[in-house]
Structure formats: structure tokens, C-alpha cells
Amino acid sequence: MGACFSADAAGTKHSGGQVDKSHVNGDSHASNNVLSLSGSCGLPSYVQLQFSASNLRAKGHSLEAIYMVVAYVKRKDRSWEEIRRTEVVTNSLNPVWFTNLECNYNFEENQQLRFRVYHVDAKFSGIPTEGYLQNLQLSEQELHGEVECLLAEVVTAAGQTLTRELQKRKEQIEADGHIQELGSLSIKVEETIHSKSLVEIIFHCTELDNKELFSKTDPFILVSRMMDNGIPLQVYQTEVKANNIHPTWRPVKVTLQHLCSGDRDRPLKIECCDYNSSGRHDIVGSVQVSLKELQKIADTSVGVDLKRVSDGKVGGKLCVQSCTINTHHTFLDYIFGGYELSFMVGVDFTASNGNPLQQDSLHHIDPSGKPNVYQTVIQAFADILSIYDTNKKFHAWGFGGRPIDEPVSHCFALNGKVATAAEVTGVPGIMRAYSQALRHVALAGPTLFAPVINMAASIASESMSQGRQRYFVLLIITDGVITDSSPSITALARASTLPLSVFIVGVGGADFSEMEILDSEKHGMVTPDGQFAVRNIVKFSAMRDLLNGLSISKSLLAELPHQLLAYMDLKNIFP
């Protein structure tokens with residue numbers, strides 16, 4: 001029993017081309033249609049939360065101590081939804097509850113939780129949570145105290161246990177006239193075994209229908225698990241194989257939990273689709289099988305028919321070259337083992353942003369406090385990443401600007417110091433340094449990324465050589481297309497051996513189509529002298545092209561756990 005309290009986490013369709021019964025009615029931008037056709041759909045982990053409390057107080061002057069925990073999650077509309085109740089523990093001011101909360105942990109979003117401890121009427125002691133307690137009117141029980149936190153705060157707490165003092169609600173404090181000591185609540189997190197089981201499948205198709213008039217089909221595979229209500233929920237998309245009716249895709253790698261909730265008999269829907277740049281991807285054919293059946297197909301080397309949606313006839317054969325399940329190290333294993341994430345940011349100070357004193361400038365600081373687009377993106381990323389850094393020291397640079405009495409610089413510290421001393425304290429420190437730089441740096445140009453990338457890579461390299469357990473995340477925000485694509489590609493390819501990921505966000509109305517060349521996940525990254533990036537470390541998105549209401553941080557940061565694990569695998573680093 002439990003609650004997956006983030007509907008998005010288990011497989012929300014983030015790409016611009018989502019398959020329905022006929023076509024994909026996707027976004028018009030081809031770049032977005034490709035966005036999730038690489039297998040990137042986030043890396044959720046399934047975790048259990050366990051509860052205990054210390055130094056609670058008995059009700060009134062009696063010796064009764066009968067407590068229950070009720071868990072809530074904050075939804076997108078900012079309302080609180082109840083997701084779990086524990087059993088009632090009696091005769092203890094230091095209770096330990098055996099009922100756990102099971103839920104998805106999603107690195108790329110802030111999952112806000114509330115836990116309320118209720119003093120329950122004695123007549124309900126000994127009653128299990130399944131049944132009567134689930135219908136118990138909480139308004140008729142005494143709220144002892146509550147704790148609010150982010151799931152990420154529990155994950156990053158020492159020993160994966162977060163302990164906080166219980167607090168009264170504001171209206172209760174006002175009624176009591178003083179703040180009482182209510183004891184503390186401890187929340188411990190553990191990752192479930194199914195999140196550590198990695199399923200790896202190699203799909204191959206033969207004799208696919210040709211959907212193109214002047215070329216061959218451009219197929220990709222979409223994998224969905226069938227929910228209890230019969231609706232398919234997307235969990236994976238492969239890369240596109242251009243002009244190929246006998247394709248073999250890179251291995252599908254997904255956790256057992258994410259693929260089928262740990263149930264190997266759960267039906268999966270496998271669809272082979274023909275990619276179209278318009279976003280309307282045709283379905284070549286589909287089949288419904290379970291994970292167990294996929295393993296049998298791999299063992300027998302006999303393919304299954306892909307049935308066309310239009311007439312039910314065969315549109316090709318689906319073969320499974322291999323289907324294995326192995327235990328693997330997870331993102332949370334490294335976080336639990338002490339790895340931290342270090343946030344860095346590079347801000348575009350080129351003249352195309354517009355005069356910051358003018359309201360139509362992308363750098364305009366609104367006197368009302370409303371954030372501009374740069375502040376919005378910085379805040380979105382920092383809200384997620386800062387939780388995973390204990391010292392809260394962040395590097396903040398600008399590029400394409402002219403500091404006072406200096407030439408144009410493509411890597412200068414926002415705090416006014418030398419570029420190698422660009423650290424500021426906390427997210428407020430970034431915002432202050434950014435505002436300060438706007439007053440002392442003249443916007444100029446051109447748009448060059450390589451200097452900032454090389455500076456971040458240098459810091460990551462130094463950290464690696466010192467054996468620190470740190471992985472660096474560089475955010476570059478720009479309003480224009482770069483003019484040093486070759487040096488930037490070279491810098492990124494070299495940085496692919498380092499504990500570093502680079503996320504690029506395009507703001508404003510520029511044509512960012514040429515920026516796609518930097519996204520090695522989509523095209524592969526090759527330097528001018530023919531050197532390949534050893535792993536994918538780059539993710540690009542234009543802010544205006546966000547799909548399905550996703551935040552910019554959630555859209556991009558879903559890729560970070562994959563990139564971190566790829567680095568650990570490359571370097572044979574174990575948690």
C-alpha cells in the first residue's frame with residue numbers, strides 16, 4: 001500500500017510528439033519533437049518513508065498517549081492532498097510507526113510534504129489503518145503538531161533521516177497565546193529494491209511498413225505500461241533510426257519499478273512509430289506484451305507481429321535481441337553515499353538582450369520585485385540543486401559583457417572579482433551579484449560559450465583530482481545563438497570525461513535551431529578534429545518551447561541523474 005504522489009514522475013509524456021490512437025499531435029517545433037526520443041524520461045526512484053517521534057506529550061493531565069501520523073503532498077494548485085495514514089500507536093511518548101509511506105522520488109522537482117501527528121481518541125487504538133481509520137474524521141481528533149519539508153531534504157539528510165520539531169498551526173498558536181514544545185518527528189527514507197533492478201532490452205524490427213513517399217520509414221519505439229484503468233502510461237522512447245525498415249535501437253534501460261511497478265506480468269504496450277518533423281508521428285504497428293513475455297521472445301528469437309491501428313493488419317515484426325534484469329547502482333545510492341551537486345551559472349550579457357533600463361529588456365529589473373526571465377531560470381534551477389550542496393557556495397559568471405574600465409569579457413565573475421573567485425553564498429548571493437553586475441557591466445558581444453565551459457571544466461577537474469565527492473552542474477542562459485560553435489563543441493567534448501553536466505536555456509525570441517548541435521544526446525558530439533564526446537553531458541531547450549506546462553528546470557533536469565550515472569560508470573566509481 002502507498003501513494004505515488006507525483007503523477008508526472010511515473011512517466012509523464014514530455015516530448016513534443018505523443019502517440020495516441022491515430023497520430024501524435026505534437027508541438028510544431030521539430031527540436032521539441034525530438035526532445036524525448038532518446039530514452040530520457042526522468043529517472044524516478046521508488047522510496048519508503050518511515051516515521052518515529054520523540055518527546056511527545058500526553059493529552060491534558062492524563063497519561064494517554066495515542067498517536068497517528070497523516071501524510072500530505074502539495075499539488076500543483078498548491079492545495080494539500082492526504083496520501084497516507086499510519087496505524088495508531090498507544091502508550092508511548094516516543095512512538096515508532098510500522099506503516100510506511102511509499103512514493104516516487106523525482107530529482108527534477110521539489111516534492112513538498114506535510115506530516116501531521118494527531119492525538120487520537122482511545123477507542124481507536126489497535127485498529128489497523130486499512131478500514132475504519134481511513135474514514136476517521138480528523139476534524140474530530142486533536143492535531144498535536146505538524147512538520148513540512150521537501151522530499152529532497154529527507155534524501156540529503158545525514159543518515160537519510162530528517163528530524164524536525166513539531167509545530168502548531170498558526171491559528172493554534174494564536175489561540176494558545178504561546179508556542180509549546182511538542183516533541184519532534186523523524187522521517188527516514190529508503191530506496192525500494194525494484195528501483196535498483198535495471199531492465200535492459202534491445203529491440204529490433206523487420207519488414208516495417210514504409211510510411212514515407214520519397215524515403216524509408218524513420219522508426220522509433222515507444223514503451224508504455226498499461227494502467228489498471230486501461231490507459232497506457234509512457235515510460236520510454238528510443239532514438240529515431242533514419243531511413244531504416246530493419247532497425248536495431250540502442251538498449252532500452254529503465255528500472256523495474258518504472259517499467260512495470262515491479263510486476264513482470266503487467267501488460268506493456270510496445271509501439272513502433274514513424275518520426276515526422278511536424279510532430280505528427282504515424283504508428284507503424286503495436287503489440288501488447290508483458291515483461292515475462294519479452295524475455296520469452298528474447299529466448300526463442302521469434303518475433304511478434306506489430307498490428308496496424310488502421311486495419312489490424314501486420315505492419316512489421318518486433319524482435320527482442322536481449323532482455324535482462326540486473327541490480328545496478330542508482331542515483332540515490334550516490335546521494336546517500338555522500339555525493340553532492342555543485343551549481344554554477346553563466347549569464348548572457350550581450351547587447352541583444354536590450355538596455356536593462358528599458359522595460360522590454362530581458363535584463364530589466366522590475367521595481368515591483370517581479371523576476372525577469374534570467375532570474376526566473378536561475379531560481380528554478382537553484383531551488384532544486386541547492387538542496388544537494390551543503391556549503392551553498394555557487395559559481396556565477398557573465399559572458400559577452402564589458403566590465404568597467406576593462407575589455408569585453410566572455411567569462412567574468414558576477415561578484416566583481418576575478419573569474420576564478422566567482423563563488424557567492426546561496427541563491428540570494430547569485431541574485432545580488434547578478435543585479436550588481438547589471439549596474440557595472442555594459443552589454444556587448446558576441447555570444448561565446450567556450451570560456452565559461454572551460455572555466456567550469458577546470459573547477460570540476462580540480463575537484464576530481466582532489467578526490468572530492470562532487471558533481472558539477474553548469475547552467476548557461478542565453479538570448480542568442482553562439483558564434484563559437486567549434487570551440488564550444490571542443491570544450492564540451494573534453495569536459496565529457498569530467499564530473500560535469502551543462503544545461504543551456506534559450507530565452508527571448510531568437511531562432512535557436514542552430515543550438516541543437518550542442519545537444520549531444522540528439523546528434524552526438526564530434527569536435528572539428530574528429531574527437532567524440534565520451535558521454536552525453538549537454539541538454540538544451542528554448543524556454544518558450546516548454547511542453548505540457550513543465551517548468552524549465554523539470555524539463556531539463558530530468559536528464560541529470562542519467563548523466564551522473566553515466567559518469568560514475570565511465571570512471572568505475574561505486575557509491
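The model shown is predicted, which means the values in this text are computed figures rather than measured ones. This chain uses plain numbering: 1 for the first residue, then up along the sequence.
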Legend entry - Side chain proximity check, R164 to C149, heavy atoms < 4.5 angstrom: yes

Legend entry - Check: T99/E87 side-chain N/O donor and acceptor closer than 3.5 Å: yes

Legend entry - D228/R266 ion pair, N-O < 4.0 Å: yes

Inset, instruction - Assert yes or no for the condition that the ring centre distance of Y67 to H119 is strictly below 6.0 Å. - result: yes

Inset, instruction - Kindly determine whether Y236 and I221 satisfy side chain to side chain contact (heavy atoms under 4.5 Å, CB included), including the steps that lead there. - result: CA-CA 8 Å; Y236 202 96; I221 290 289; over 6 Å; no

Legend entry - Sidechain N-carboxylate O distance under 4.0 Å for E423, K393: no

Legend entry - Validation row: T255, Y46 side chains within 4.5 angstrom (heavy atoms): no

Legend entry - Within the 6.0 Å centroid threshold, strictly below: F220 and H281: yes

Inset, instruction - Say whether, by atom type as modelled, one donor and one acceptor occur between the side chain of E271 and the main chain of I283 under 3.5 angstrom. - result: no

Legend entry - S342 versus R470, side-chain donor and acceptor atoms under 3.5 Å: yes

Inset, instruction - Please check if the side chain of S496 supplies one atom and the backbone of V534 the other of a donor-acceptor pair under 3.5 Å. - result: yes

Inset, instruction - Decide yes or no for Y471 and Y388: does some side-chain heavy atom of the first lie under 4.5 Å from some side-chain heavy atom of the second? - result: no

Inset, instruction - Report yes if the side chains of I537 and L498 come closer than 4.5 Å at any heavy-atom pair, otherwise no. - result: no

Legend entry - Full working for side chain to side chain donor-acceptor pair (under 3.5 Å) between D263 and S261: CA-CA 5 Å; D263 181 1; S261 300; over 6 Å; no

Inset, instruction - Assign the ring pair F107 / F331 to parallel, tilted or perpendicular, where the plane angle (0 to 90°) is split at 30° and 60°. - result: perpendicular

Inset, instruction - Answer yes or no: is there a donor N or O on one side and an acceptor on the other, between the side chain of N94 and the main chain of N55, under 3.5 Å? - result: yes

Legend entry - Atom NZ of K292: over 12 foreign heavy atoms under 6.0 Å: no

Inset, instruction - With sequence neighbours left out, write down each residue that passes side-chain hydrogen bond (donor to acceptor under 3.5 Å, both in side chains) with Q160, or none if nothing qualifies. - result: none

Legend entry - Any side-chain heavy-atom pair of L318 and V289 under 4.5 Å: no

Legend entry - E190 and N100: CA distance, side-chain angles, deciding distance, side chain to side chain donor-acceptor pair (under 3.5 Å) verdict: CA-CA 10 Å; E190 291 183 352; N100 297 330; over 6 Å; no

Inset, instruction - Could you pull out all residues at least two apart from M226 that satisfy side chain to side chain contact (heavy atoms under 4.5 Å, CB included)? - result: P232, P267, K269, Q288

Inset, instruction - Output yes when a side-chain donor or acceptor of N106 lies under 3.5 Å from a complementary backbone atom of E108, and no otherwise. - result: no

Inset, instruction - Kindly assign one of parallel, tilted or perpendicular to the pair F381 and F503, based on the angle between their ring planes and the thresholds 30° and 60°. - result: tilted

Legend entry - Whether E293 side chain and S290 backbone form a donor-acceptor pair below 3.5 Å: yes

Inset, instruction - For the pair R57 (side chain) and L182 (backbone), establish whether a donor and an acceptor sit closer than 3.5 Å, ignoring hydrogens and angles. - result: no

Inset, instruction - May I ask you to decide if R114's main-chain N or O and E146's side chain share a donor-acceptor pair within less than 3.5 Å? - result: no

Inset, instruction - Taking the six-membered ring of Y72 (Phe, Tyr or Trp), confirm whether the NZ or CZ of R116 is under 6.0 Å from its centre and within 45° of its axis. - result: yes

Inset, instruction - Check step by step if side chain to side chain contact (heavy atoms under 4.5 Å, CB included) holds for R264 and L256. - result: CA-CA 8 Å; R264 302 184 192 191; L256 185 63; 4.2 Å; yes

Legend entry - Side-chain donor/acceptor of S139 to backbone N/O of Q137, under 3.5 Å: no

Legend entry - Where S224 and Q234 come nearest, the two heavy atoms and their spacing: OG-CA, 3.4 Å

Legend entry - pair R84-L49: side-chain heavy atoms closer than 4.5 Å: no

Inset, instruction - State whether the side chain of R85 and the backbone N or O of L136 hold a donor-acceptor pair below 3.5 Å, judged by distance alone. - result: yes

Legend entry - N/O donor-acceptor pair under 3.5 Å between D333 side chain and T330 backbone: yes

Inset, instruction - Any chance you could lay out the side chain to side chain donor-acceptor pair (under 3.5 Å) test for D299 and Q295, step after step, and finish with the verdict? - result: CA-CA 6 Å; D299 291 339; Q295 290 177 305; over 6 Å; no

Inset, instruction - Measure the shortest side-chain to side-chain distance between L332 and V47 over non-hydrogen atoms and say whether it is less than 4.5 angstrom. - result: yes

Legend entry - Residue pair L143 / K168, side-chain heavy-atom distance below 4.5 Å: no

Inset, instruction - Please report the shortest heavy-atom distance between V155 and V189, naming the atom on each side. - result: CA-CG1, 4.1 Å

Inset, instruction - Identify which one of Y567, F574, Y339 satisfies the ring pair (Phe, Tyr, Trp, His ring centres under 6.0 Å) criterion when paired with H329. - result: F574

Inset, instruction - Heavy atoms only: give me the nearest I387-D383 pair and the separation to one decimal. - result: CD1-O, 3.6 Å

